[in-house]
S.K.: 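Submitted below is the structure of interest, expressed as C-alpha cells.
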Amino acid sequence: MISSIKNTPSPCFASPDFLPKKRFLPTRLNFSPLTIIQNSTFNNSSFSADKPLHISSTDNFTFSPKQLKTQCNAYEADRSRPLDLNIEVLEEQTRFEASHKIKIGIYFAAWWALNVVFNIYNKKVLNAFPYPWLTSTLSLACGSLMMLISWATRIADAPKTDLDFWKTLFPVAVAHTIGHVAATVSMSKVAVSFTHIIKSGEPAFSVLVSRFLLGEAFPLAVYASLLPIIGGCALAAVTELNFNLTGFMGAMISNLAFVFRNIFSKKGMKGNSVSGMNYYACLSMMSLLILTPFALAVEGPHMWAVGWQTALAQIGPNFVWWVAAQSIFYHLYNQVSYMSLDQISPLTFSIGNTMKRISVIVSSIIIFHTPVRPINALGAAIAILGTFLYSQAKM
C-alpha cells in the first residue's frame, strides 16, 4: 500500500552506513504514479509481507547530523499497477517476432520458387544438351562470378578468411561437388520427379552413416521413421515407368555425398563467423576448382562443341537463355537456403526442405507431363511422409 517517512523521535535509529555522502537530496523525488489509498491501522494480524510497500510522501524526508532518528509508517498495498514500460517492451517484442516470421516466410517462398525454376530449366537444358558435367560446372562458375562481382562492388561484404578456413572447407567442397554432379547426372537420365523421390531418402543415409561411422545413437522413433522412407522410395523405384539404373544410382550417390557434406560442414562451421551467404559462395568457388579438370577429362571441349551446335539448331537462341537461367537460379536457391539456415532451427529447415521437394515433384510432373501411376504416387507420398516424420523424431 502506501508508506510515509517523517522525522520524529523513534526507537528506530538509522545506521551511519545508510547516510549518503552528500547531505542533501533533491527537493522532489519521482515515484510510480500509484493511487494513494487510505491509511489503515498497522497491526500484525492484517499485515502481509507478500504485498509491496510504496512511499507516499517525502515532504520531511531530510537528514541532519544532529537528528538521526526517523519514524516509518508503513501501510499495506492492496495491489500494484504494472508499469507502462513493460507494456512497451512486450509490444516491441511482438512486433519483432511478427517481422521475423514474415522474413522467414519470404525466405521459404523464395527458396521453393527458385528451386522449382532451377529444376525446370535444368531439365530443359539436359534434354537438349545431355552433358551433365559441363552443366554442373557452368552452375558453379556462374554463382562464383556473381559473388565476386558482389564483393567487388560492395553489394555484399567480402568474408574474412584464413588458410585454416579453406582447409576445413576442402572436404565440404569435395562432397558438395560429388553430390551436385551425381544429382545432375540423375536428372539427365530420369524424370525430375523420380530424382527427387529418391533424394527424399537422404535421412536414411544420414542415420546409417552417423550410426556406423560416427557411433551416434538415435531414439527408436528415428529408426522407425526410416521404414516409410525406404519403403516409399523402393515402391516408387519399382513402379517407375521410365526407370534408368544410371539415374537411380546418381540420386543415391548424391544422397550419400550430401550427408558427408553436412557432416563436414558442421565441423567446419564451429566457431566460424562467415555468414551463410558467403560460406556458400566460398564453397562454390572451391567446388568449381575441383570439378573443372574432371569435367574436361570426362566430356571435353570437342563433345561440348558438337552438343552445343546441335542444341542451338534444335532449340534456337532460347537455349542460351535456358543455360543462363539454370546456372543463375541454381546459385540463388542454394544461397537463399544457406541464408535461411542462419535464421531458423534445423527442424524448421528440415520441414521446409521436405515441403520444397513436394513442390518440385508436383510442378515437374505438371510441366513435363510426366506419366505417373497411382502406385508410383503412393510410393512418393509414403517416402515424403517418412521424411517429415524423421525430422520430427530427430529433434
S.K.: Answer yes or no: does atom CZ of Phe243 have more than 12 heavy-atom neighbours from other residues, nucleotides or ligands under 6.0 Å?
M.R.: yes
S.K.: Provide the closest heavy-atom pair for Ala128 versus Ile315 in the form atom of the first, atom of the second, distance.
M.R.: CB-CG1, 3.9 Å
S.K.: Can you measure from CG (Leu114) to CZ (Phe329) and round to the nearest 0.5 angstrom?
M.R.: 6.5 Å
S.K.: Do Phe260 and Val185 share a hydrophobic cluster (ILVMFWY, side-chain heavy atoms under 4.5 Å, transitive)?
M.R.: yes
S.K.: Determine, using the 4.5 Å side-chain heavy-atom cutoff (strictly less than), whether Phe248 and Ile178 are members of one ILVMFWY cluster.
M.R.: yes
S.K.: Measure the NZ-CG distance between Lys356 and Asn115 for me, rounded to the nearest 0.5 Å.
M.R.: 4.5 Å
S.K.: Hey, are the side chains of Met252 and Phe205 touching, using non-hydrogen atoms and a 4.5 Å cut-off?
M.R.: yes
S.K.: Report the relative orientation of the aromatic rings in Phe258 and His176; use parallel for angles under 30°, tilted for 30 to 60°, perpendicular for over 60°.
M.R.: tilted
S.K.: Are side-chain heavy atoms of Val172 and Thr168 found at a separation under 4.5 Å?
M.R.: no
S.K.: Would Met146 and Cys142 count as a side-chain contact (heavy atoms from CB on, under 4.5 Å) if you check the C-alpha gap in whole Å, the side-chain angles of each, and the deciding distance to 0.1 Å?
M.R.: CA-CA 6 Å; Met146 290 170 60; Cys142 181; 3.9 Å; yes
S.K.: Holding to side chain to side chain contact (heavy atoms under 4.5 Å, CB included), I want the full list of residues that pass it with Leu289, two or more places apart in sequence or in another chain.
M.R.: none
S.K.: Rounded to the nearest 0.5 Å, how far does OG1 of Thr137 lie from CG of Leu296?
M.R.: 7.5 Å
S.K.: Restricting to non-hydrogen atoms, name the atom on Pro228 and the atom on Ala224 that form the minimum distance, rounded to 0.1 Å.
M.R.: CD-O, 3.3 Å
S.K.: Same cluster or not: Leu140 versus Val298, using hydrophobic residues (I, L, V, M, F, W, Y) connected whenever any side-chain heavy atoms lie under 4.5 Å apart?
M.R.: yes
S.K.: Can you see whether Ser139 engages Gln326 through a side-chain donor-acceptor pair at a distance of less than 3.5 angstrom?
M.R.: yes
S.K.: Counting distance only, does the side-chain N/O of Ser206 pair as donor-acceptor with the main-chain N or O of Glu202 below 3.5 Å?
M.R.: no
S.K.: Measure the spacing between CE of Met285 and CG of Leu283 and express it to the nearest 0.5 Å.
M.R.: 10.5 Å
S.K.: Flag the pair Phe129 / Thr310 as yes when at least one side-chain heavy-atom distance between them is below 4.5 Å, and no otherwise.
M.R.: no
S.K.: Tell me if a side-chain donor or acceptor on Ser254 pairs with a main-chain N or O of Gly250 at a distance below 3.5 Å.
M.R.: no
S.K.: Could you check, using the six-membered ring where one of them is a Trp, whether Trp308 and Phe319 have ring centers closer than 6.0 angstrom?
M.R.: yes
S.K.: Begin with the C-alpha distance, continue with both residues' side-chain angles, and end with the deciding distance and a verdict on side-chain contact (heavy atoms from CB on, under 4.5 Å) for Ile229 and Ser200.
M.R.: CA-CA 8 Å; Ile229 294 177; Ser200 65; 5.6 Å; no
S.K.: So how far is it from Cys233 SG to Ile197 CD1, rounded to the nearest 0.5 Å?
M.R.: 8.0 Å
S.K.: Please find the pair of heavy atoms, one from Asn376 and one from Ala236, that lie closest to each other, and give the distance.
M.R.: ND2-O, 2.9 Å
S.K.: Do Tyr223 and Ile382 share a hydrophobic cluster (ILVMFWY, side-chain heavy atoms under 4.5 Å, transitive)?
M.R.: no
S.K.: Given Ser144 and Ser284, is the side-chain hydrogen bond (donor to acceptor under 3.5 Å, both in side chains) satisfied, shown in steps?
M.R.: CA-CA 6 Å; Ser144 301; Ser284 296; 5.2 Å; no
S.K.: Of all heavy-atom pairs between Ser337 and Trp111, which one has the smallest distance, and what is that distance?
M.R.: CB-NE1, 3.5 Å
S.K.: Considering non-hydrogen atoms only, spot the tightest contact between Ala182 and Ile253 and give its length.
M.R.: CB-CG2, 4.0 Å
S.K.: Using the test side chain to side chain donor-acceptor pair (under 3.5 Å), find all partners of Ser193 that sit at least two apart in sequence or belong to another chain.
M.R.: none
S.K.: Does Val323 share a hydrophobic cluster with Tyr131, counting links as ILVMFWY side-chain heavy atoms below 4.5 Å and allowing steps through other members?
M.R.: yes
S.K.: Run the numbers on Arg373 and Glu240 for side-chain contact (heavy atoms from CB on, under 4.5 Å), then give the verdict.
M.R.: CA-CA 8 Å; Arg373 292 188 293 180; Glu240 174 66 23; over 6 Å; no
S.K.: If you count every heavy atom of other residues, nucleotides or ligands that lies below 6.0 Å from Asn318 atom CG, does the total exceed 12?
M.R.: yes
S.K.: So does Trp133 get a backbone contact from the side chain of Glu299, meaning a donor-acceptor N/O pair under 3.5 Å?
M.R.: yes
S.K.: Would you find a donor on one side and an acceptor on the other, under 3.5 Å apart, between the side chain of Ser210 and the backbone of Val207?
M.R.: no
S.K.: So, Asn278 and Trp151: side-chain donor and acceptor under 3.5 Å apart, yes or no?
M.R.: yes
S.K.: Kindly indicate whether the side chain of Ile361, heavy atoms from C-beta on, has any atom under 4.5 Å from the side chain of Val192.
M.R.: no
S.K.: Can you say whether the rings of Trp321 and Tyr121 are parallel (under 30°), tilted (30 to 60°) or perpendicular (over 60°)?
M.R.: perpendicular
S.K.: Would you call Trp304 and Gln309 a side-chain contact if the rule is heavy atoms closer than 4.5 Å?
M.R.: no
S.K.: Rounded to the nearest 0.5 Å, what separates atom CZ in Arg211 from atom CZ in Phe218?
M.R.: 9.0 Å
S.K.: Indicate yes or no for a side-chain donor-acceptor contact from Asn122 to the backbone of Phe118 under 3.5 Å, with no hydrogens or angles considered.
M.R.: no
S.K.: Looking at Lys199, I want to see if its NZ is surrounded by more than 12 non-hydrogen atoms of other residues, nucleotides or ligands under 6.0 Å.
M.R.: yes
S.K.: Ignoring hydrogens, what is the shortest heavy-atom contact between Val116 and Ser359? Give both atom names and the distance.
M.R.: CG2-OG, 3.9 Å
S.K.: Do Tyr280 and His331 have side-chain atoms, one donor and one acceptor, less than 3.5 Å apart?
M.R.: no
S.K.: Do Val181 and Pro132 come close enough that some side-chain heavy atom pair is under 4.5 Å?
M.R.: no
S.K.: Taking C-beta and beyond as the side chain, do Phe388 and Ile384 meet within less than 4.5 Å on heavy atoms?
M.R.: no
S.K.: Apply the test side-chain contact (heavy atoms from CB on, under 4.5 Å) to residues Thr195 and Asn119: give CA-CA distance (whole Å), side-chain angles for both, the deciding distance (0.1 Å), then the verdict.
M.R.: CA-CA 11 Å; Thr195 298; Asn119 278 277; over 6 Å; no
S.K.: For the aromatic rings, using the six-membered ring if either is Trp, is the centroid distance between Trp166 and Phe170 under 6.0 Å?
M.R.: no
S.K.: Answer whether the closest heavy-atom distance between the side chains of Val190 and Asn242 falls below 4.5 Å.
M.R.: no
